[in-house]
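A, B, ... follow the sequence lines: proteins, then strands. Residue 1 opens every chain. These numbers come from the heavy atoms of this one structure, side chains and all, not from hydrogens, waters or symmetry mates.
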2 protein chains.
Amino acid sequence: MIVRQAANVLEIMEFFAQVKKPATLAEIADHFGWPRSSTFNLLATLSEKGYLYEPRPRAGFYPTPRWLAMARMISEVEPLPQWTHTLIADLSAETGETASIVAPAGVMAVFIDVVESQAAIRYFATIGHRVPIHATASGRALLLQYSQEERDSVYRKIEFKQYGPSTPISIEAVETELRNSIARGYCQSFADYSRDLAGAAIPLPIGDRRLSVVVAGPEFRIGPKIAEVAALIARTVDRLRPKAAA
Amino acid sequence: MIVRQAANVLEIMEFFAQVKKPATLAEIADHFGWPRSSTFNLLATLSEKGYLYEPRPRAGFYPTPRWLAMARMISEVEPLPQWTHTLIADLSAETGETASIVAPAGVMAVFIDVVESQAAIRYFATIGHRVPIHATASGRALLLQYSQEERDSVYRKIEFKQYGPSTPISIEAVETELRNSIARGYCQSFADYSRDLAGAAIPLPIGDRRLSVVVAGPEFRIGPKIAEVAALIARTVDRLRPKAAA
DNA sequence: CAGATAAATTCACATATATGTACGTTCGCC
DNA sequence: GGCGAACGTACATATATGTGAATTTATCTG
């Protein structure tokens with residue numbers, strides 16, 4: 001069950017992150033198609049908790065810096081090492097595609113750092129974006145780091161759907177693809193989940209954290225050179241990863 | 001009306017900001033005294049939206065960097081000028097008390113930047129903290145920047161409560177205190193709102209934004225030297241504020 | 001490795017909550 | 001400066017939602 005008002009809080013914040021200026025009750029209500037009275041209650045709640053204020057009279061609400069203060073506290077714990085950001089920045093620069101660091105979240109894989117391609121046609125992904133762990137290159141690069149038992153436990157929860165023509169729709173299919181990935185030396189996906197999207201990924205264990213790096217873009221651009229891209233990822237990781245670490 | 005699940009989202013995030021490590025469903029549920037099933041729904045919603053993930057298997061949930069990414073986007077709009085932070089840092093260092101930048105939010109005043117005192121006994125305030133605009137030094141320093149009509153409009157919404165012995169409990173009382181403040185050259189409060197708390201504040205208009213600076217601490221420490229503190233605030237603002245600006 | 005224990009998940013129902021409607025206030029326009 | 005329209009606010013009611021109990025899944029213990 002989805003908790004509507006919890007989701008609405010997030011929606012409101014994303015709204016402010018987009019428009020980047022104060023908004024009145026009416027504007028927010030209209031934007032989301034919410035009733036005024038409901039919007040009123042929500043804004044009142046957020047204000048009361050110290051997360052919204054009125055920068056100038058009658059110009060509407062805007063988030064207080066409290067969000068930032070809290071996000072900083074949360075994120076200063078085990079931040080990703082600096083070199084991982086350099087990694088995807090370099091990869092994105094060299095390939096012209098979108099590069100990301102990905103982490104597991106149950107049956108999904110979450111993007112926890114992203115450097116976007118500058119191309120007009122590109123893979124549009126944001127931090128927090130989620131994709132099925134079994135039907136994506138990045139996800140399978142995570143699964144490769146699991147034990148057989150852990151994978152089985154994940155499989156049990158997966159609802160296999162035919163997202164595209166090549167989506168693996170059974171445990172067998174996924175396991176086979178994992179074996180192929182090992183043989184190949186990298187994980188790949190050709191529109192297994194998102195239409196027209198291809199990507200190459202490799203596992204990126206850091207300490208006891210299981211992450212992966214992925215470079216993804218339109219099939220027609222990535223497809224022909226996927227092996228090269230994968231090799232580039234591997235080389236770049238070798239270059240940037242501190243040698244001391246396990 | 002308070003929107004419970006909206007507030008809960010904030011509570012959860014504050015929880016993570018405090019404990020700074022992943023937490024399982026059970027831990028979160030127990031911490032707040034929420035039913036497991038409700039907690040499940042909330043966590044599922046936050047996860048689905050890409051705000052929580054599972055850093056390592058079976059170690060529970062933790063917020064994704066998405067919070068940070070969003071908070072940054074929101075806060076890069078009209079950030080407070082750098083010198084305002086220097087201002088309160090200097091004030092806190094020199095006085096040994098807590099110094100803050102404050103902004104209006106309806107009938108309340110919100111702390112939008114805070115540098116805390118290092119003293120054992122101190123004014124504990126955080127960014128986002130809210131106090132009544134009419135019953136605090138910082139709030140009245142905001143009201144001083146309003147026109148008479150604007151103030152009247154605020155007064156109409158205020159619910160006058162006797163927070164302490166010296167709380168102004170009428171429009172008259174507030175207006176009188178404002179006049180005294182002008183004569184005095186600064187705003188002050190002696191436990192008008194918070195017990196044992198005294199503070200000195202002055203208006204701090206920046207562009208078309210109406211802000212104030214306040215230094216606050218225990219009555220027994222601040223009380224005797226409140227005039228000095230106020231003078232120090234004024235001098236420090238003069239020193240740090242760029243001369244070019246209006 | 002099996003049994004026990006704890007955690008996670010599902011589901012149907014009672015209840016807390018979102019909202020339609022109505023009222024008061026503020027603002028823009030002539 | 002007064003009128004009209006838009007905005008913000010309160011409240012009662014129907015309804016979406018939180019929750020206790022039951023089920024399944026995972027983890028610990030001997």
Side-chain angles (χ1 to χ4, degrees), chain A residues 1-12 22-49 52-54 56-62 104-108 146-159 171, chain B residues 1-12 22-49 52-54 56-62 104-108 146-159 171:
Chain A
M1 175 192 274
I2 202 168
V3 181
R4 181 106 67 96
Q5 293 295 28
N8 287 352
V9 170
L10 306 174
E11 299 270 337
I12 285 205
T24 63
L25 189 155
E27 283 167 359
I28 296 172
D30 292 350
H31 175 87
F32 291 106
W34 295 340
R36 297 259 161 114
S37 50
S38 315
T39 308
F40 175 76
N41 291 335
L42 231 196
L43 293 182
T45 302
L46 293 178
S47 300
E48 197 144 317
K49 282 250 153 198
L52 289 180
Y53 75 124
E54 290 144 67
R56 55 209 87 197
R58 262 163 259 119
F61 295 87
Y62 199 73
V107 300
M108 305 296 272
Y146 284 39
S147 70
Q148 187 64 53
E149 293 77 43
E150 290 173 319
R151 274 209 298 278
D152 288 340
S153 140
V154 170
Y155 291 151
R156 246 170 275 135
K157 297 182 189 159
I158 292 180
E159 217 193 322
I171 295 177
Chain B
M1 174 192 275
I2 201 168
V3 181
R4 181 107 66 94
Q5 293 294 30
N8 287 351
V9 170
L10 306 175
E11 299 271 337
I12 285 206
T24 63
L25 189 154
E27 283 166 0
I28 296 172
D30 292 350
H31 175 86
F32 290 106
W34 295 340
R36 299 252 161 122
S37 49
S38 313
T39 308
F40 174 77
N41 290 334
L42 232 195
L43 293 182
T45 303
L46 292 178
S47 299
E48 197 145 314
K49 282 250 152 197
L52 289 180
Y53 75 124
E54 292 145 67
R56 56 208 85 196
R58 259 168 261 117
F61 295 87
Y62 200 72
V107 299
M108 305 297 272
Y146 284 39
S147 70
Q148 187 64 54
E149 294 77 43
E150 291 173 320
R151 274 209 298 279
D152 288 341
S153 139
V154 170
Y155 291 150
R156 246 168 275 134
K157 297 182 190 160
I158 292 179
E159 216 194 324
I171 296 178

Distance, nearest 0.5 Å, that separates [atom1] of [X] from [atom2] of [Y]:
{"X": "A/E11", "Y": "B/K49", "atom1": "CD", "atom2": "NZ", "answer": "3.5 Å"}
{"X": "B/I158", "Y": "B/R151", "atom1": "CD1", "atom2": "CZ", "answer": "11.0 Å"}
{"X": "B/Y53", "Y": "A/M108", "atom1": "OH", "atom2": "CE", "answer": "16.0 Å"}
{"X": "A/E54", "Y": "A/T24", "atom1": "CD", "atom2": "OG1", "answer": "11.0 Å"}
{"X": "A/I28", "Y": "A/L43", "atom1": "CD1", "atom2": "CG", "answer": "4.5 Å"}

In whole angstrom, what separates [X]'s [atom1] from [N]'s [atom2]?
{"X": "B/K157", "N": "C/dT25", "atom1": "NZ", "atom2": "P", "result": "11 Å"}
{"X": "B/D152", "N": "C/dT26", "atom1": "CG", "atom2": "P", "result": "10 Å"}
{"X": "A/M1", "N": "D/dT19", "atom1": "CE", "atom2": "P", "result": "11 Å"}
{"X": "B/L42", "N": "D/dT19", "atom1": "CG", "atom2": "C1'", "result": "13 Å"}
{"X": "B/E54", "N": "C/dA7", "atom1": "CD", "atom2": "P", "result": "16 Å"}
{"X": "B/L43", "N": "C/dA8", "atom1": "CG", "atom2": "P", "result": "9 Å"}
{"X": "B/Q5", "N": "C/dA16", "atom1": "CD", "atom2": "C1'", "result": "11 Å"}
{"X": "B/E149", "N": "D/dG1", "atom1": "CD", "atom2": "P", "result": "12 Å"}

*Could you pull out all residues at least two apart from B/N41 that satisfy side chain to side chain donor-acceptor pair (under 3.5 Å)?*
none
*Out of C/dA8, D/dG18, C/dT26, which has the shortest distance to the side chain of B/L25?*
C/dA8
*With the side chain of A/R4 defined as its heavy atoms from C-beta on, choose the nearest nucleotide among D/dG8, C/dT26, D/dT17.*
D/dT17
*Please tell me which of B/A26 and B/S153 maps to the more 5' nucleotide of DNA chain C, matching each residue to the nucleotide holding its nearest heavy atom.*
B/A26
*What residues in residues 28-41 of chain A put a non-hydrogen atom under 4.0 Å from any atom of DNA chain C?*
A/P35, A/S37, A/S38, A/N41
*Do B/T45 side-chain atoms and A/A6 backbone N/O form a donor-acceptor pair below 3.5 Å?*
no
